[in-house]
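These notes concern the structure reproduced below.
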Amino acid sequence: MGKIIDGKAIATALQDRLREQIAYFSMTVGRKPKLAVIMVGEDPASTIYVRNKIRACEAVGVNSEAYRLAESTEQSYLEELVRKLNEDRSVDGILVQLPLPSHLNSKKIITLIDPKKDVDGFSEVNLGSLLLDDKKGLYSCTPLGIIQLIRSTGVELAGKHAVVVGRSNEVGKPIALMLLQHNCTVTICHSKTMDLASYTRTADILVVAVGKSKLVTGDMVKEGAIVIDVGINRDAEGKLCGDVDFASVMPKAGYITPVPGGVGPMTIAMLMANTLKAAKGNV
Ligand code: GUN
């Protein structure tokens with residue numbers, strides 16, 4: 001029977017530590033760290049994520065500035081705003097909530113963010129830093145949180161076979177690099193992988209980040225594996241569910257993250273950690 005990795009509790013403990021570190025920063029530097037959050041349009045999921053990010057800022061002592069822009073916002077306006085925030089010394093972190101409406105060029109916007117303020121770690125410079133294992137970079141929050149969750153189990157990572165399902169720039173690719181840095185043997189699977197189960201069954205650590213409800217079932221998981229579910233989907237009844245079929249995987253896994261209450265809270269905690277890291281580099 002798998003032990004549940006309580007992401008909510010681990011994130012809360014991390015936020016408690018961050019609150020102290022941020023208080024120390026604010027006292028010594030004479031100002032709080034500041035995060036600017038830009039959202040364009042009214043995507044319901046994004047609205048909730050942005051609200052949770054702003055709340056997390058309040059909870060740990062980070063100043064936040066939310067820019068909620070109309071769906072019709074033009075590329076040039078958004079670029080001008082990012083340039084202005086790049087130059088504003090009082091702003092430590094800039095986050096552009098994705099997805100942007102389809103008429104906007106997300107890649108161009110992300111590239112425009114000063115890498116030192118790119119608290120999402122999505123820019124080319126920061127992804128390059130991760131590839132080169134340069135500790136000074138800002139790394140993608142969800143993969144950072146996943147590593148913390150895996151480490152919370154106390155299981156040694158070195159030499160383990162980690163299978164990542166999904167190859168996104170935000171999760172799949174960066175978590176594969178981080179697991180490699182922790183000396184795992186890493187396999188990346190994706191939508192074109194033939195016989196997915198033949199790979200997932202050999203995973204000591206299985207990270208699933210594809211956005212497909214209950215894609216991974218119990219028969220696809222090795223006994224005792226650590227299973228990290230990054231998916232946030234709705235099942236046929238409209239209930240929140242992950243990419244992993246919790247009911248069938250739980251009895252086989254050694255450890256498993258629930259949805260909700262697994263990876264999600266850690267992503268936001270790591271965003272606060274990245275904001276503090278960016279602020280320390282901006283004094
Ligand atoms: N949309 C969904 N998750 C994220 C995230 O972590 N960062 C940003 N910027 N947009 C998102």
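For clarity, every value in this text was computed on a predicted model and none was experimentally measured.
Summarising the geometry of C189 relative to Y199, their closest heavy-atom pair is SG-CB, 3.6 Å, with the distance given to 0.1 Å. For the pair K32 and F25, the tightest heavy-atom approach, listed with the atom from each and the gap, is C-CE2, 4.2 Å. Contact between I175 and G172 at its shortest, heavy atoms only, is CG2-O, 3.3 Å.
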Problem set entry | Stepwise salt bridge (charged side-chain N to carboxylate O under 4.0 Å, His left out) test for K116 and D118 | CA-CA 6 Å; K116 294 193 193 70; D118 168 34; over 6 Å; no

Exercise. What's the verdict on side-chain hydrogen bond (donor to acceptor under 3.5 Å, both in side chains) for S248 and D245, showing C-alpha distance, side-chain angles and the deciding distance?
Worked result: CA-CA 6 Å; S248 67; D245 177 33; 2.6 Å; yes

For this session: Kindly determine whether H161 and T202 satisfy side-chain hydrogen bond (donor to acceptor under 3.5 Å, both in side chains), including the steps that lead there.
Result: CA-CA 7 Å; H161 185 205; T202 67; 3.1 Å; yes

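L196 places a side-chain heavy atom less than 4.5 Å from the side chain of T200. The shortest distance between side-chain heavy atoms of H182 and K160 does not fall below 4.5 Å. You'll find the side chain of T111 reaches within 4.5 Å of the side chain of E124, heavy atoms only. Contact of the L206 side chain with the I228 side chain is not registered, since no non-hydrogen atoms from C-beta on lie closer than 4.5 Å. Between L149 and I10, some side-chain heavy-atom pair lies under the 4.5 Å cut-off. Side-chain contact between L144 and M178 is present, with heavy atoms from C-beta onward closer than 4.5 Å. The shortest distance between side-chain heavy atoms of L81 and K84 falls below 4.5 Å. V60 is not listed as a side-chain neighbour of L276, based on a closest heavy-atom distance of 4.5 Å or more.
In this structure, CD1 on I147 lies 6.5 Å from CG on L157, to the nearest 0.5 angstrom.
Looking only at distances, no side-chain donor or acceptor of T73 sits under 3.5 Å from a matching main-chain atom of L69. With hydrogens and angles ignored, the 3.5 Å screen pairs no side-chain donor or acceptor of D114 with any backbone N or O of N86. With hydrogens and angles disregarded, a donor-acceptor distance shorter than 3.5 Å links the side chain of R19 to the backbone of A59. Distance alone, capped at 3.5 Å, is enough to place a donor-acceptor pair between the E156 side chain and the A158 backbone.
In this view, K222 and D204 satisfy the salt bridge (Lys or Arg N to Asp or Glu O under 4.0 Å) rule, not counting sequence neighbours. Not counting sequence neighbours, N274 has no partner by the side-chain hydrogen bond (donor to acceptor under 3.5 Å, both in side chains) test.
At least one cation-pi condition fails for K107 and F122: the charged atom is not both under 6.0 angstrom from the six-membered ring centre and inside a 45 degree cone around its axis.
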